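Below is one structure, written out as structure tokens, with a few remarks after it.
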Amino acid sequence: MIARKIADQMGRGSMIRKMFEEGNRLKALYGADQVYDFSLGNPDLEPPRAVQEALCRLVLDKRPGLHSYMSNAGHESVRQAVAARYSRLSGLPVTAGQVCMTVGAAGALNSVLKALLDPGDEVILLAPFFFEYLSYIDNHGGVAVEVPCDRDTLLPDLAAIRQALTPKTKAIIINSPNNPSGVIYPEWLLRALDDLLQKQDHVITVLSDEPYAELAYDGNIVPSTLACLRQVVVCTSWSKTLSLPGERIGCLIVSPRCQESDRLIQAAVYCNRVLGYVNAPALFQRVIEEAIDAKVDISLYEKRRDMLAEVLLAAGFKLQKPQGGLYLFPHSPGDDDVAFAAACARHRVLLVPGSGFHFQGYVRLCFAVKESVIENSVPAFQAIAREYGLKG
Ligand SMILES: Cc1ncc(COP(=O)(O)O)c(C=O)c1O
């Protein structure tokens with residue numbers, strides 16, 4: 001009964017999901033506090049107070065129509081607030097007409113991909129990448145073309161991207177700060193990518209997936225992609241910055257500098273509708289409008305990043321400290337990251353092999369976990385280090 005393609009995809013499953021299930025099995029067996037789960041990217045901080053207060057006010061708001069349908073692009077005043085924020089960040093005159101509120105960043109990506117792709121069109125992905133991109137591209141008849149990042153810096157390799165371009169290349173998805181590597185793409189690189197794409201003889205659109213854009217540490221600034229790239233659609237959400245992943249609230253912004261930018265935003269809004277999202281969640285659109293400048297206390301994430309990095313470095317792991325995002329991405333000892341992740345699970349440490357992000361030889365650990373999980377995991381990491389002969 002189930003479509004062969006879906007049955008096949010379900011059979012393969014995602015590595016994160018497999019770790020999640022293994023985690024549940026181990027927790028049932030040993031107790032939750034005896035399992036060190038770094039596998040899921042679920043922010044563990046509660047939303048900021050400004051969000052909670054806005055929500056309380058709005059729930060009691062007597063204005064009629066709070067829960068009604070609205071324009072498929074979202075409430076005008078909400079889009080104005082988003083546009084004003086992105087104008088400030090980019091220095092470009094972004095207007096409400098270029099913004100569409102979406103069902104998370106995932107909804108934004110799906111709406112834009114549907115708007116852009118004809119069957120067989122190619123979309124470049126920079127490995128390591130968020131594995132769901134493959135499904136999103138496939139959803140709309142596209143073909144994913146994988147281009148590995150530089151293995152040392154984990155930054156996109158422009159020469160390799162140039163080589164991968166074909167007349168069928170329609171789009172490229174970038175993600176900075178990156179899940180899983182934690183790398184922030186510097187301004188020079190974004191501008192060089194823009195140059196490269198603008199030199200091609202057909203339009204190639206950059207989809208900038210930026211749900212981690214506000215999670216930058218050590219005073220790092222995430223360059224504005226709207227400022228650095230001309231043909232760009234920002235796809236983002238408040239899932240991570242406001243700890244609202246379950247509320248499914250995000251947006252897409254078509255740069256005013258895109259070719260046919262009006263047609264593109266109209267197409268994305270149409271796709272937002274016909275994909276069955278219809279519009280982004282009404283109540284949370286209003287929450288975003290009221291709490292547009294709020295964010296979680298990222299110093300807590302920075303502290304956990306440092307704590308977990310220290311534990312790993314002391315145990316002898318090789319690791320580049322992430323500049324942003326929610327993940328550490330150390331080298332896996334031995335080349336087989338899948339076998340290494342399985343060995344870690346035997347020590348009740350759950351992490352995701354880099355292969356799950358199409359980048360072997362690394363593993364991903366989410367540091368958005370309670371500090372006690374990090375503290376209690378030390379003996380387990382030491383035991384893993386001994387098993388793999390690491391020198392702490
Ligand atoms: C890189 C990346 N893009 C997109 C998403 C999806 O974000 P959202 O929950 O806002 O749809 C995630 C979620 O973890 C992610 O890590």
Side-chain angles (χ1 to χ4, degrees), residues 14-17 19-20 38-45 47 51 74 82 100-114 123-137 139 144 146 149 154 156 171-185 206-216 222 225 233-253 268 271-272 275-277 279-281 284-285 287-288 295-296 301 322-329 351-352 354 356-359 364-369:
S14 95
M15 292 203 182
I16 295 190
R17 198 67 3 221
M19 274 300 153
F20 181 66
F38 302 102
S39 62
L40 271 188
N42 211 359
D44 74 313
L45 299 180
V51 168
V82 172
C100 173
M101 302 305 291
T102 61
V103 178
L109 287 163
N110 273 282
S111 295
V112 184
L113 286 167
K114 185 172 176 66
V123 180
I124 292 182
L125 296 179
L126 307 173
F129 56 81
F130 180 53
F131 53 91
E132 298 286 62
Y133 294 156
L134 293 172
S135 306
Y136 301 166
I137 293 166
N139 284 346
E146 297 183 25
C149 286
L154 300 174
I172 173 168
I173 300 182
I174 62 171
N175 169 227
S176 164
N178 185 264
N179 172 12
S181 73
V183 164
I184 295 177
Y185 300 172
V206 179
L207 308 193
S208 179
D209 178 30
E210 346 193 310
Y212 302 92
E214 314 244 343
L215 305 181
V222 180
T225 51
V233 180
V234 171
C235 299
T236 192
S237 72
W238 288 270
S239 297
K240 315 285 172 177
T241 27
L242 294 183
S243 285
L244 293 173
E247 301 300 349
R248 313 305 304 131
I249 185 73
C251 71
L252 65 87
I253 301 156
C271 292
N272 194 43
L275 279 169
Y277 304 132
N279 56 249
F284 271 85
Q285 287 192 44
V287 171
I288 295 306
K295 67 174 174 178
V296 290
Y301 285 144
Q323 299 167 300
L326 293 178
Y327 313 98
L328 296 187
F329 200 51
L351 38 74
V352 187
F357 307 92
H358 290 222
F359 209 69
R364 189 195 80 170
L365 296 92
C366 176
F367 54 79
V369 296

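This structure is a prediction, so every number in the text was calculated from the model and none was measured. Atoms within each ligand, like the ligands themselves, are counted from 1 in listed order.
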[X]-ligand 1 polar pair, N/O distance under 3.5 Å:
X      : answer
Ser239 : yes
Tyr327 : no
Arg248 : yes
Pro245 : no
Gly104 : no

(request) Would you indicate whether the side-chain heavy atoms of Ile124 and Ile173 approach each other to under 4.5 Å? (result)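 Contact flag for Ile173/Ile124 side chains = no.
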(request) Indicate yes or no: at least one non-hydrogen side-chain atom of Tyr277 is less than 4.5 angstrom from one of Thr102. (result)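 Side-chain contact under 4.5 Å: no.
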Would you mind listing which atoms of ligand 1 come within a distance below 4.0 Å of any non-hydrogen atom of [X]?
X      : result
Asn175 : 1 (C)
Lys240 : 13 (C), 14 (O)
Ser237 : 10 (O)
Asn179 : 1 (C), 15 (C), 16 (O)

(request) Considering heavy atoms of the protein only, find what lies nearest to atom 5 (C) of ligand 1 and give residue, atom and distance to 0.1 Å. (result)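 Protein heavy atom with the smallest distance to atom 5 (C) of ligand 1: Phe130 CE2, 3.5 Å.
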(message) For atom 7 (O) of ligand 1, what's the nearest protein heavy-atom neighbour? Residue, atom name and distance, please.
(response)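 The closest heavy atom on the protein side is Ala105 CB, 3.7 Å.
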(message) Quick check: Tyr212 with Tyr327 (ring centres under 6.0 Å apart)?
(response)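 Judged by ring-centre distance (under 6.0 Å), Tyr327 and Tyr212 do meet the cut-off.
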(message) Is Tyr212 close enough to touch ligand 1? Criterion: a residue heavy atom under 4.0 Å from a ligand atom.
(response)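 Tyr212: in contact with ligand 1 (<4.0 Å).
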(request) Look at ligand 1 and say whether Pro211 reaches it with a heavy atom at a distance under 4.0 Å. (result)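 Yes, that is the case, since the closest heavy atom of the residue is under 4.0 Å from the ligand.
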For [X] and [Y], test the side chains for any donor-to-acceptor distance below 3.5 angstrom and give the result as yes or no.
X      : Y      : result
Glu210 : Thr225 : yes
Tyr133 : Asp209 : yes
Asn110 : Asn139 : yes

(request) For Phe129, check ring-ring contact (aromatic ring centres under 6.0 Å, His included) against everything at least two apart and list the hits. (result)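 If we apply the ring-ring contact (aromatic ring centres under 6.0 Å, His included) test to Phe129, skipping adjacent residues, the hits are His358.
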(message) Going by the rule ring-ring contact (aromatic ring centres under 6.0 Å, His included), which residues pair with Tyr136 if we only count those two or more places apart in sequence or in a different chain?
(response)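 ring-ring contact (aromatic ring centres under 6.0 Å, His included) list for Tyr136, sorted by chain: empty.
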(request) Compare Ile249, Asp209, Ile173, Thr236 and give the one whose heavy atom is closest to atom 4 (C) of ligand 1. (result)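 Nearest option to atom 4 (C) of ligand 1, by heavy atoms: Asp209.
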